[in-house]
Amino acid sequence: SDYECPFCLRHSRETMPLIEKSYIQTGRVIYGFRDYLIDSLHPQAIRAHEAVRCGGDQGKYWEMHTGMFGQPSAHTPEALEAKAAQAGLDLETFRACMASGKNTAAIRQSVAEIEGFGANGTPAFFIGIVDRATGQVKITRAITGALPYAQFAQALEAALSQAQQKK
């Protein structure tokens, strides 16, 4: 997702809480987030993605991720520092991390990987099954867009059913 994408914002507010409650918190699925910012539409989104990764450097990735989706004006340096403080980060360490740009290459690599999966818009989701022997994920379904919860639930249930059949 792109933290400045309006469709990603809608998904994070409307659909993701239901997915979290029904699938992630129950342990039925594992959720992973990848940076997939679209610079041509949101040239300042990189700051939000860097801020979340800087939070991760202090063990607070998900605390920074939560609530990061928003309008470009929501990701000013001051607003990002306020989010860092709210998440309990050491602000001097956070500022140094942001100034260093040390996470930029990893964010760009994440974008390249997602594009390699065939994504061409945000939000993009890849549902798959983990091969327990190799740790590799076989993608079974790609979903693009802020679709309703019912469509995600249907895709997740199909993947869960397929995973059960492989046991």
ask   = Would you find a donor on one side and an acceptor on the other, under 3.5 Å apart, between the side chain of Ser110 and the backbone of Ala106?
value = no
key: Lys138 side chain reached by Asp131 side chain, heavy atoms, under 4.5 Å   = no
ask   = What do you reckon, is CD of Gln151 surrounded by more than 12 foreign heavy atoms closer than 6.0 Å?
value = yes
ask   = Roughly how far, to the nearest 0.5 Å, is the CD1 atom of Ile114 from the CG atom of Asp35?
value = 9.0 Å
CE-CG distance between Met98 and Leu80, expressed to the nearest 0.5 angstrom = 5.0 Å
task = Answer yes when Arg53 and Glu50 have at least one side-chain N-carboxylate O distance shorter than 4.0 Å, and no when they do not.
result = no
remark   = Tightest non-hydrogen contact, residues Cys5 and Thr122, listed as SG-OG1, 3.2 Å
request  = Would you name the heavy atoms of Ile127 and Ala159 that are closest together and state the gap between them?
outcome  = CG2-CB, 3.7 Å
message = Between Arg47 and Glu4, does any side-chain N to carboxylate O distance fall below 4.0 Å?
response = no
query = If you round to the nearest 0.5 Å, how far is CD of Gln154 from CD1 of Ile143?
reply = 9.0 Å
ask   = Do other residues, nucleotides or ligands put more than 12 heavy atoms under 6.0 Å from Arg13 CZ?
value = no
message = Quick check against the 3.5 Å criterion: does Thr66 have a side-chain atom that pairs as donor or acceptor with the backbone of Glu63?
response = no
request  = For side chain to side chain contact (heavy atoms under 4.5 Å, CB included), just list the numbers for Asp57 and Lys102, CA-CA rounded to whole Å, side-chain angles, deciding distance to a tenth of an Å, and then say yes or no.
outcome  = CA-CA 11 Å; Asp57 290 348; Lys102 72 178 206 162; 2.7 Å; yes
remark   = When Lys83, Gln58, Lys60 are each screened for side chain to side chain contact (heavy atoms under 4.5 Å, CB included) with Phe94, the one that passes is Gln58
ask   = Are Val52 and Leu9 grouped together when hydrophobic residues (ILVMFWY) are joined by side-chain heavy atoms under 4.5 angstrom apart?
value = yes
Atom of Asp2, atom of His49 and distance for their closest heavy-atom approach = CA-NE2, 3.7 Å
request  = Taking all heavy atoms of Arg141 and all of Ala155, pick out the closest pair and write down the distance.
outcome  = NH1-CB, 3.3 Å
inquiry  = Can you confirm whether or not the ring centre of His11 sits under 6.0 Å from the ring centre of Phe69?
reply    = no
task = Determine the minimum heavy-atom distance between Leu91 and Ala84, stating which atoms define it.
result = CD2-CB, 3.8 Å
note = Here the gap from Leu89 atom CG to Arg95 atom CZ, rounded to the nearest 0.5 Å, amounts to 11.0 Å
key: Shared hydrophobic cluster for Phe152 and Leu18 (ILVMFWY, side-chain gaps under 4.5 Å)   = yes
task = Check for a donor-acceptor pair, side chain of Ser161 on one end and backbone N or O of Glu157 on the other, with a separation under 3.5 Å.
result = no
ask   = Any link between Phe125 and Val130 through a network of hydrophobic side chains (Ile, Leu, Val, Met, Phe, Trp, Tyr) touching at under 4.5 Å?
value = no
inquiry  = Contact between Asn103 and Cys97 at the side-chain level, heavy atoms closer than 4.5 Å - yes or no?
reply    = yes
key: Glu113, CD atom: more than 12 neighbouring heavy atoms under 6.0 Å   = yes
message = If you take the centroid of each ring, where Trp contributes its six-membered ring, are Tyr3 and Phe33 closer together than 6.0 Å?
response = yes
query = Should Phe126 and Ile129 be counted in the same cluster of Ile, Leu, Val, Met, Phe, Trp and Tyr side chains packed under 4.5 Å apart?
reply = no
inquiry  = If I take atom CZ from residue Arg34 and atom OG from residue Ser1, how far apart are they, to the nearest 0.5 angstrom?
reply    = 13.0 Å
Separation of Phe7 CZ from Leu147 CG (nearest 0.5 Å) = 11.0 Å
task = Determine whether Ile19 and Leu156 make a side-chain contact, defined as any pair of heavy atoms from C-beta on separated by less than 4.5 Å.
result = yes
query = Should the heavy atoms of other residues, nucleotides or ligands under 6.0 Å from OH of Tyr149 be counted, would the total exceed 12?
reply = yes
Minimum heavy-atom distance Tyr36-Ala119, with the two atoms named = OH-O, 3.2 Å
message = Hydrophobic cluster membership, with links at side-chain heavy-atom distances under 4.5 Å among I/L/V/M/F/W/Y: are Leu37 and Phe117 in one?
response = yes
